[in-house]
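One structure is given below, encoded as structure tokens.
For the numbers below, each heavy atom of this structure counts, side chains included, while hydrogens, waters and symmetry mates do not. In this chain, numbering begins with 1 at the start of the sequence shown.
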Amino acid sequence: MNPEDQYQLDCLEVEFRSRFHAPDRRPLHEWGKDNISIPHSARSTGFDPDVAPWLKKPMEWSTDSETRELSVVGTVQGSKTTLAELLIPYILSNDPGPIMFNADTDPVAHDWSESRMYPVLRKSKATREHMKTLNRTQTGKETLKWLPGIHVKFQGAHAKSNLQGKSIKTLINDEAWLFPDGHLAEAYKRTTAFWDYFILNLATGGEIGGELHDRCDMSQTYFFHIECPLCGSMFYPRWTPPKNYKETGEAGGMRWDKSFRSNTGKWDYVGLRDTIYYSAPCCGGEIFDTPSNRRIMAQGGDYVLENEGMPAERKYAHYNGIAVYWVPFHIMVEEFLRGMFALRYGDEVLFKEFVQKRLAEFWDPDRHRPIIRGVKVEPLLSLKAGLKGADFRGGSIDRQYGHYWLLIRDWSKDNGCLLVHYEKVETDDDCSKIFSDYEVDPRMVLCDVANDQTKGLRICAKHGWTAVHGSPRKSFHHKDEEVSRIYSPMQFMDPFIGTREQNTQEVAMFYFAKHTAMDRITALRDGDVDYEWRVPGDVDDEYYTQMDSWERTHLTNSRTGAKEEVFKKIRKHDHIFFCELFQIILGSIMGLIGSERLETEDD
């Protein structure tokens, strides 16, 4: 072979080797260290896996042969999207296949592709040479056309049509909790044609019960535990100290000196800083807010499996802001305190953002909203004691699927009304027995029949109770008396209509104006009316929490543009609240509260 031919052959070999190579099967973080540059990074333009140690294990799972779905839920500013910035070049270089990157909207996805992804691809050793061969039409903000049949789609999940079409091998969802209901599931369907598909969900905390939460709930759950710089033990950094820690002395949680708060509730955030520390649950030591302490905690951390019995192909990794060493404790404490201050005045936005973005937890109002003891209690009174000289004793039931909540209250025209008992029970027979034990006349028991009215009416017929059903109406006209009230005229319902037992029994039933009744109970609890709404001092946190389940707020009417006062549900469980609401209806019917009392006094 002459020298010229040998030269041409050598050039062809070099070109061939540059275009084709065996896949690199190292873990993603090891591969990225040698191949990836992140020009927009504030910490290191060359990828360094030690910068964010909480990403190492998720990066291993992203490229192993076992994991098919990985959800990483972490704090804001916690480098979550670095996973996507490494995974996309890795796939294009080692295991090419169609990729879909979904943000919540098209502009967000397109901005990410132009400002984050393309700079990485153009600067990184693994992809920069190939990027030079692509023209402008192949590197659009919507689609990267890497090779024939191999592309990366950048789009928003807001439009369902974006999620329908050709199959994709790798699906990446950024802030998946922001997707409209059903759209995450729609995106998942695009991967079913590939046996070796991979799905990566990246997010701060979302909403409990949402699609992303459900996916995490059915996965192996791993929490990032940190190392104690004082004793070297590992623990999960929970934000909230243990319950009753002041009495028990139990360690754990973020703490600070409460004396830096003024009488008006405002904090001296500058003076507060030097008092902040994390109480180590392992040794009880005080971990103060220093860069060295925070770095030791993170660098020695690792993920720990929190549940059993879930398939290994689905994994959920979680880390919160305490693990991210470049976020000082005092920033999180200030955000927490500002959120708590706003929450006490009816605005939960700041506190909810703290839970979701700093703690990276799924917002659960029943768990995360602090107990606002907005119910005035009388410490000298106790449950079960009852009210001496009561005119009558009333019962109320909130029916749920599979259980019941009941409540008993004594009513007096001159001495107000007093809570006697409340309880969750399993059956209607349990309710009947409790009412009998407390000597409640069955006719004075109001039972909710909104869920499955026929079944509810039959339960009322069985025990002789009175049925109630909420309505969006503001009031009901009573034609015979030419007045409007918050409850309808009494109706008699046949619980067995359409059956052989039809016309054998009737149940008394009232509809009631739900939101007007809420106005009335709010006025009573706030002491705005001349009637005592009395609660014993030994009620538990469950009572306070459920009574805080609805709050008054203002919404703009979409038709008229006017501001309207409405009630909004803010907690999942509101059964005790509705039991008390039914008591409001009973007290109104009996003429002890509201405009109905004026009528009885006039008589």
Side-chain angles (χ1 to χ4, degrees), residues 14-64 70 72 74 77-103 108-155 168-174 198-200 202:
V14 170
E15 180 68 15
F16 183 86
R17 290 182 180 277
S18 69
R19 297 286 183 175
F20 300 96
H21 57 82
D24 192 327
R25 299 305 186 191
R26 287 180 293 168
L28 182 59
H29 62 88
E30 293 182 12
W31 176 87
K33 186 175 183 179
D34 294 336
N35 290 280
I36 295 297
S37 297
I38 306 178
H40 53 263
S41 174
R43 275 163 283 277
S44 174
T45 55
F47 172 71
D48 181 357
D50 293 327
V51 169
W54 49 87
L55 292 182
K56 285 185 179 180
K57 191 63 69 70
M59 286 184 177
E60 289 180 17
W61 292 330
S62 296
T63 54
D64 66 18
L70 173 62
V72 180
Q77 297 179 332
S79 299
K80 294 182 300 298
T81 51
T82 302
L83 257 171
E85 292 165 356
L86 265 70
L87 183 61
I88 290 175
Y90 177 89
I91 292 171
L92 295 176
S93 301
N94 294 289
D95 193 13
I99 302 170
M100 177 188 288
F101 177 91
N102 293 320
V108 172
H110 298 162
D111 178 70
W112 187 84
S113 69
E114 292 184 315
S115 65
R116 302 286 295 269
M117 194 67 259
Y118 280 129
V120 170
L121 293 171
R122 292 188 175 107
K123 292 291 184 180
S124 296
K125 173 183 174 182
T127 53
R128 63 192 176 203
E129 294 303 319
H130 186 77
M131 285 294 293
K132 293 176 182 178
T133 68
L134 303 179
N135 58 39
R136 183 174 298 180
T137 61
Q138 293 172 307
T139 56
K141 63 182 180 180
E142 299 177 1
T143 307
L144 166 63
K145 299 176 182 178
W146 188 254
L147 290 171
I150 308 299
H151 65 271
V152 184
K153 187 74 174 176
F154 305 100
Q155 62 183 14
I168 50 105
K169 183 178 180 181
T170 303
L171 172 65
I172 302 173
N173 299 306
D174 188 35
F198 179 69
I199 299 171
L200 175 63
L202 303 170

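For the residue pair E85 and I38, the shortest heavy atom distance occurs at OE1-CG2, 3.9 Å. Nearest heavy-atom pair across L86 and G32 is CD2-CA, 4.0 Å. Contact detail for P89 and I36: the closest heavy-atom pair is CB-CD1, 3.7 Å. Contact record, P98 with G149: CD-O, 4.2 Å, taken as the closest heavy-atom pair. Closest approach of I168 to M100, counting heavy atoms only: CD1-CB, 4.1 Å. The minimum heavy-atom distance between A84 and L202, with the atom names listed, is CB-CD1, 4.1 Å.
With values rounded to the nearest 0.5 angstrom, K56 atom NZ is found 9.0 Å from E30 atom CD. Between the CD1 atom of I99 and the CG atom of L200 there is a distance of 11.0 Å, given to the nearest 0.5 Å. To the nearest 0.5 Å, atoms NZ (K57) and NE2 (H29) are separated by 9.0 Å. Distance CD1/I150 to NZ/K145: 14.0 Å, rounded to 0.5 Å. Summarising the geometry, atom CG belonging to L28 is positioned 5.5 Å from atom OG1 belonging to T63; distances are rounded to the nearest 0.5 Å. Rounded to the nearest 0.5 Å, atoms CD1 (I172) and CD1 (I199) are 11.0 Å apart.
Counting only heavy atoms from C-beta outward, the side chains of Y118 and K123 never approach each other to under 4.5 Å. Here the side chains of N35 and S93 are not in contact, with every heavy-atom distance at 4.5 Å or above. Side-chain contact check for Q138 versus T133: every heavy-atom pair is 4.5 Å or farther apart. Using a 4.5 Å heavy-atom threshold, the side chains of V152 and M117 count as separate. Two residues are said to be in side-chain contact when any heavy atoms from C-beta on lie closer than 4.5 Å; S37 and V120 fail this criterion. In this structure, F198 and L87 have side chains that are in contact, with non-hydrogen atoms separated by less than 4.5 Å. Looking only at side-chain heavy atoms (C-beta outward), K80 and L55 stay at 4.5 Å or farther from each other.
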Criterion side chain to side chain contact (heavy atoms under 4.5 Å, CB included) on E142 and Q155, from CA distance to verdict: CA-CA 6 Å; E142 299 177 1; Q155 62 183 14; over 6 Å; no

Derivation and outcome, side chain to side chain contact (heavy atoms under 4.5 Å, CB included), residues L92 and L144: CA-CA 11 Å; L92 295 176; L144 166 63; 4.0 Å; yes

Test log, rule side chain to side chain contact (heavy atoms under 4.5 Å, CB included), inputs W31 and M59: CA-CA 10 Å; W31 176 87; M59 286 184 177; over 6 Å; no

Trace of the side chain to side chain contact (heavy atoms under 4.5 Å, CB included) decision for V51 with S79: CA-CA 9 Å; V51 169; S79 299; 5.7 Å; no

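Between the side chain of H130 and the backbone N or O of W146 there is at least one donor-acceptor pair closer than 3.5 Å. Side-chain N or O atoms of T143 include none that pairs as donor or acceptor with a backbone N or O of K153 at under 3.5 Å. A donor-acceptor pair is defined here as one N or O able to donate and one able to accept, closer than 3.5 Å; no such pair exists between the side chain of W112 and the backbone of T81. A side-chain donor-acceptor contact under 3.5 Å links T139 to the backbone of N135.
Counting non-hydrogen atoms of other residues, nucleotides and ligands closer than 6.0 Å to NZ of K141 gives a total of 12 or fewer.
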